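Since the structure comes first, as structure tokens, the remarks are kept for the end.
Throughout, a chain's letter reflects where its sequence line sits, starting with A, and its residues are numbered from 1. Because the structure is predicted, anything quoted here is derived from the model rather than measured.
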Amino acid sequence: MAAPARARFVHNRSRRRADEDDSDDEGHQRQDASSSSSSDDDGGEEEEEEMEVEGSDEEEEEAVADEPAARESPAAAGRGGRKGPITISLKKVCKVCKKTGHEAGFKGAVYIDCPMKPCFLCKMPGHTTLTCPHRVAMEHGVIPAPRRNTNTSLDYVFQSQVKGKISMVKPRFLVPNQLECGNIKFHQRRVTCLEFHPTKNNVLLSGDKKGLLGIWDYVKLHEKITYDSVHSCILNSMKFDTANDGVLYTASSDGTISSTDLDTGIGAPLLNLNPDGWSGPSTWRMIYGMDLNTEKGLLLVADSFGFLYLLDRRSKERIGQPILIHKKGSKVTGLHCNPAQPEVLLSSGNDHFARIWDTRKLDPKSALASLAHGRVVNSGYFSPRSGNKIMTTCQDNRIRVWDYIFGNLESPSREIVHSHDFNRHLTPFKAEWDPKDYSETVAVIGRYISENYNGVALHPIDFIDTSTGKLLAEVMDPDITTISPVNKLHPQDDILATGSSRSIFIWKPKNEVDPTEERTSQKVKEYVYGSGSRKKPNGKHDNSSDDDSDGGGGKSKKAKKTRFTHTAKGKGKSKA
DNA sequence: ACGCAATGACTCC
DNA sequence: TGGAGTCCCTTGCG
């Protein structure tokens, strides 16, 4: 039983685990204006006792059990005669749980969690991210889930039939860790997807939340094109027509699939799920999942109501009726055709499932397998060569790996705890395979929670060995202080493309690695600050020294903003 | 330096 | 089942 998938991460306010709140008593900040000003809506604290300035306040049973009725009262009291006394709270209140005695938020570059909440990383109660056993630390990889398929007959099948197809020799692994170039003026809104051109080696395509399509030659940096008329809102997915790589298929939340001629920018709609226009969010269909069955010339598209559509690529005709592949009314977040057997389809959805289908025999009940997850599944991909593995990214902060799709799929072969939480303002994180990795183990994914790197809170891009859960490398740069949810590895070259907020970055390996050397964990952190050419971010930054400052806002340290417009070759030069 | 908005899943009633 | 309210590490702008 896929027990972990069942885990409910209830945020139980009445739970009182005060065990972990050690360190919250040293840096006494001024009290946060924002939290006090919100006294009208946050319930709980009744008037009078607010006046205590600080101090031991652990035992506040009542504060937890705040009555909803009491919540409404201040406003009602305000206009309804009974004038509540105006109180000014001078005691420090946790902005998360509104209790005193601790404070959540950044202290310098370190984020202090609210100890009343489950761990922000693994979602288990009783500790915070700072002490989480799954925490990504300098020398420790992500810890794999203990459960593995061991010694079953399926393992025998796996060993005898599949393993041979997967190279056990891990190839030389170069971490693209040096910022080659970047561009922060390309997109006006956050980047939502990236794709390398399949044949033009240095061309990267990008889509953003506004529907803008960007084409960028990151070697000839002046060659940039944007097409803003392809879609009217979020560009969710891009696929090349393998028979004609001058044509790009794009899927959007505007409910259309477009095939765009990359030379002219002229797009022809292949499918429009909202032919009658806008009549409210309850009927507006958005498209997130799309893939191409190249053998059959079949375009597979899924909407935000759980339906799958099949489309003949050439005739542009729909094939059959839409088929419900996920819970009715729920978003299908992604589709992927098996690279070895294109008729096998993997779908992932907001209904907390990923499903495997045979597109030749589609019926709502005909899923070959349903893979249960703890929360929304952001993405699911077959492994890029053999197609025998599945990797999913789920909003419960776990990457799940199934080693053999024809084996026992009841529970994943591995769960890798990794911070890639859902945040409505971010493009969803998706762990992506390295297409160059014969052994089908390396994956790349951005990290949500920050780490303190020499006084700067940065969000690295993680390379993970999915066969062990080990963290192979973490890539970051002091100039990139934003989260990087979108990452794509080049199909042939050692290049990483990153979409971070509105910016796009290209990374290349800094050092040649001895080809005979086994893949090892590379300390990219050392690179970041170890090289003499780099400035330490410390003294440079805006206001504050390392420890307080943050007040209400996180992001204590913003590294100096660097504009990579053109000709940003290598790091140093690009800086003004 | 602060306030705010954009905006999606989830929970609770 | 549905609508309102809530929400922890966002980001950029005014």
Side-chain angles (χ1 to χ4, degrees), chain A residues 8-13 30 32-38 41-43 66 68-69 71-72 94-98 102-121 123 128-130 132 135 184-185 187-192 208-210 233-234 253 281-282 286 288 304 327-331 333 349-352 373-378 394-397 419-429 446-452 456-460 480-485 499-503 542-544 549-558 561:
Chain A
R8 312 298 306 170
F9 304 121
V10 287
H11 291 221
N12 189 352
R13 292 190 121 214
R30 78 248 187 269
D32 189 354
S34 68
S35 66
S36 71
S37 68
S38 64
D41 63 338
D42 58 1
D66 45 359
R71 180 165 314 194
E72 267 84 60
C94 173
K95 66 179 180 184
V96 176
C97 71
K98 309 292 193 290
H102 63 272
E103 264 185 301
F106 274 102
K107 285 194 167 50
V110 177
Y111 191 94
I112 307 297
D113 280 313
C114 171
M116 299 300 175
K117 294 284 188 175
C119 172
F120 194 59
L121 174 55
K123 309 299 182 191
T128 65
T129 51
L130 287 180
C132 178
R135 183 143 188 261
I184 66 168
K185 292 185 170 174
H187 288 280
Q188 290 184 350
R189 293 303 186 136
R190 67 172 198 240
V191 173
T192 53
D208 73 11
K209 199 166 155 292
K210 269 259 175 69
C233 64
I234 313 178
S253 289
S282 61
M286 300 181 276
Y288 287 81
S304 51
K327 184 181 173 186
K328 194 167 189 179
S330 74
K331 185 206 296 180
T333 55
N350 260 25
D351 60 355
H352 303 191
H373 290 68
R375 288 240 232 132
V376 167
V377 188
N378 283 349
C394 179
Q395 291 183 5
D396 65 1
N397 268 357
S419 172
H420 48 256
D421 262 39
F422 171 73
N423 178 312
R424 60 177 179 259
H425 307 109
L426 301 174
T427 304
F429 292 87
R447 196 191 305 171
Y448 186 6
I449 56 173
S450 60
E451 197 82 28
N452 178 4
V456 188
L458 298 176
H459 309 265
I480 304 176
T481 56
T482 50
I483 294 171
S484 303
S500 189
S501 186
R502 303 175 183 182
S503 306
D542 26 339
N543 40 15
S544 32
S549 87
D550 67 293
K555 211 96 8 50
S556 38
K557 316 261 126 154
K558 282 262 189 203
K561 187 155 294 181

Got a sec, which residues hit side chain to side chain donor-acceptor pair (under 3.5 Å) with Thr333(A), two or more places apart in sequence or on another chain? Ser348(A)
For nucleotides 1-3 of chain C, tabulate all protein N/O to nucleotide N/O atom pairs closer than 3.5 Å, reporting atom names and distance.
none

Of the listed dC9(C), dC10(B), dC13(C), the closest approach to the Ile449(A) side chain comes from dC9(C)
Candidate nucleotides dT10(C), dC9(C), dG12(C), ranked by approach to the side chain of Arg502(A) - the nearest: dG12(C)
Calculate the interatomic distance between [X] atom [atom1] and [N] atom [atom2]; express it in whole Å.
| X | N | atom1 | atom2 | result |
| --- | --- | --- | --- | --- |
| Met286(A) | dA9(B) | CE | C1' | 12 Å |
| Phe106(A) | dC2(B) | CZ | P | 15 Å |
| Gln188(A) | dA6(B) | CD | P | 16 Å |
| Lys95(A) | dC7(C) | NZ | P | 13 Å |
| Met116(A) | dT6(C) | CE | C1' | 19 Å |
| Asn397(A) | dC9(C) | CG | C1' | 12 Å |
| Leu458(A) | dT11(C) | CG | C1' | 16 Å |
| Asn350(A) | dG8(B) | CG | P | 11 Å |

dC7(C) base / Arg424(A) side chain donor-acceptor hit below 3.5 Å: yes
For the pair Arg190(A) (side chain) and Arg502(A) (backbone), establish whether a donor and an acceptor sit closer than 3.5 Å, ignoring hydrogens and angles. no
Counting distance only, does the side-chain N/O of Ser500(A) pair as donor-acceptor with the main-chain N or O of Ile483(A) below 3.5 Å? yes
Report the residues that fulfil ring-ring contact (aromatic ring centres under 6.0 Å, His included) with His187(A), sequence neighbours left out, ordered by chain and then residue number. none
Using the C1' atoms only, state how far dT11(B) lies from dC9(C), rounded to an integer number of Å. 22 Å
Position toward the 5' end of DNA chain B (nearest nucleotide), Arg189(A) or Thr333(A): Arg189(A)
Taking only N and O in the side chain of [X], is any of them less than 4.0 Å away from OP1 or OP2 of [N]?
| X | N | answer |
| --- | --- | --- |
| Arg375(A) | dT11(B) | no |
| Lys209(A) | dA6(B) | no |
| Asn423(A) | dG8(B) | no |
| Ser501(A) | dG12(C) | yes |
| His425(A) | dC7(C) | no |

Before accepting this row, confirm whether a basic side-chain N of the pair Glu103(A)/Lys107(A) lies closer than 4.0 Å to the acidic partner's carboxylate O. no
Identify, with sequence neighbours excluded, every residue that meets side chain to side chain contact (heavy atoms under 4.5 Å, CB included) alongside [X].
| X | value |
| --- | --- |
| Asn452(A) | Ala109(A), Val110(A) |
| Ser503(A) | Ile184(A), Phe505(A) |
| Asp351(A) | His326(A), Lys327(A), Ser330(A), Phe353(A), Arg355(A) |

Which part of the nucleic acid does Tyr448(A) contact within heavy-atom distance under 4.0 Å: base, sugar-phosphate only, or nothing? sugar-phosphate
